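The structure appears right after this line, and notes come after that.
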Amino acid sequence: MSLTDRLAVVFENAFGLDKSKFTLALTPEETPNWDSVGHMNLVNCLEQEFQVQFEVDDIMEMSSPEKIVEILKAKGVAE
């Protein structure tokens, strides 16, 4: 499964977002439940799925799936 596909599953688990509506360009404003509490749930789901830990700066920069992919790649997660 590709990194993007795995991320779509994370968004489905974290926000209940249908995978068919997932794009790398999503923003918190376009995503149901992506508020401050939802963001921390997203971080938890990402850490579990990709077996990484995020620094506070990483968490603050997670403004879109595209940015999350950049952060994950910087942590050594392969495409």
Side-chain angles (χ1 to χ4, degrees):
M1 187 180 303
S2 75
L3 180 57
T4 301
D5 291 339
R6 290 173 69 191
L7 198 53
V9 171
V10 168
F11 269 69
E12 182 178 48
N13 292 336
F15 303 123
L17 182 72
D18 187 300
K19 285 185 275 190
S20 67
K21 297 183 192 285
F22 178 82
T23 71
L24 290 176
L26 281 175
T27 65
E29 295 77 25
E30 301 170 315
T31 308
N33 303 316
W34 194 350
D35 54 17
S36 58
V37 173
H39 191 77
M40 294 314 297
N41 185 39
L42 171 64
V43 170
N44 184 48
C45 290
L46 288 165
E47 288 181 338
Q48 289 179 6
E49 173 66 25
F50 296 102
Q51 297 298 301
V52 296
Q53 285 195 308
F54 298 106
E55 302 297 325
V56 173
D57 289 344
D58 297 328
I59 294 168
M60 299 301 290
E61 290 180 20
M62 292 179 182
S63 57
S64 70
E66 185 173 45
K67 185 64 180 171
I68 293 169
V69 168
E70 288 177 27
I71 294 166
L72 288 169
K73 286 182 177 180
K75 293 202 167 288
V77 175
E79 185 71 39

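Just so it is clear, the model here is predicted, and its values are computed rather than measured. Just the heavy atoms: all of them, side chains too, but no hydrogens, waters or symmetry mates, feed the values below.
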Worked check of side-chain contact (heavy atoms from CB on, under 4.5 Å) between Phe54 and Leu72: CA-CA 9 Å; Phe54 298 106; Leu72 288 169; 3.8 Å; yes
side-chain contact (heavy atoms from CB on, under 4.5 Å) evaluation trace for Phe11 with Lys19: CA-CA 8 Å; Phe11 269 69; Lys19 285 185 275 190; over 6 Å; no
Main-chain N/O of Ala14 paired to Asn41 side chain as donor or acceptor, under 3.5 Å: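 Yes, Asn41 side chain to Ala14 backbone: donor-acceptor pair under 3.5 Å.
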Under 3.5 Å: donor-acceptor pair, side chain of Arg6, backbone of Met1: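 Such a contact is absent between Arg6 side chain and Met1 backbone.
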Flag if over 12 foreign heavy atoms under 6.0 Å of CD, Glu47: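 Correct, the count exceeds 12.
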Where at least one partner belongs to residues 69-79, residue pairs that pass salt bridge (charged side-chain N to carboxylate O under 4.0 Å, His left out), sequence neighbours excluded: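 Qualifying pairs: Asp58-Lys75, Lys67-Glu70, Lys73-Glu79.
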Closest approach of Thr23 to Pro65 (non-hydrogen atoms, all atoms of both residues):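 It is O-CG, 3.4 Å.
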Minimum-distance pair of heavy atoms, taken over all atoms of Gln51 and Gln48: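 The pair with the smallest heavy-atom distance is NE2-O, 2.7 Å.
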Once you round to the nearest 0.5 Å, how far does [atom1] of [X] lie from [atom2] of [Y]?
X     : Y     : atom1 : atom2 : value
Leu42 : Asn33 : CG    : CG    : 11.5 Å
Ile71 : Glu55 : CD1   : CD    : 11.5 Å
Met40 : Cys45 : CE    : SG    : 11.5 Å
Leu7  : Phe22 : CG    : CZ    : 4.0 Å

Mutual orientation of the aromatic rings belonging to His39 and Trp34 [parallel < 30°, tilted 30-60°, perpendicular > 60°]: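 Taking Trp34 first and then His39, their aromatic rings lie parallel (interplane angle under 30°).
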Cluster overlap Val9 with Phe50, hydrophobic side-chain contacts below 4.5 Å: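 No, because Val9 and Phe50 fall into different hydrophobic clusters, even though each may have its own neighbours under 4.5 Å.
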Hydrophobic cluster identity match, Leu24 and Leu46, side-chain contacts under 4.5 Å: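 They do share one cluster, since a chain of ILVMFWY contacts under 4.5 Å joins Leu24 to Leu46.
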No-hydrogen, no-angle side-chain donor-acceptor test under 3.5 Å, Glu29 and Thr27: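 A donor-acceptor contact under 3.5 Å links the two side chains.
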Candidate pair Glu12 and Leu17, rule side-chain contact (heavy atoms from CB on, under 4.5 Å), full reasoning: CA-CA 4 Å; Glu12 182 178 48; Leu17 182 72; 5.5 Å; no
Phe15 side chain reached by Leu26 side chain, heavy atoms, under 4.5 Å: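 The answer is no, as the side chains (C-beta and beyond) never meet within the 4.5 Å cut-off.
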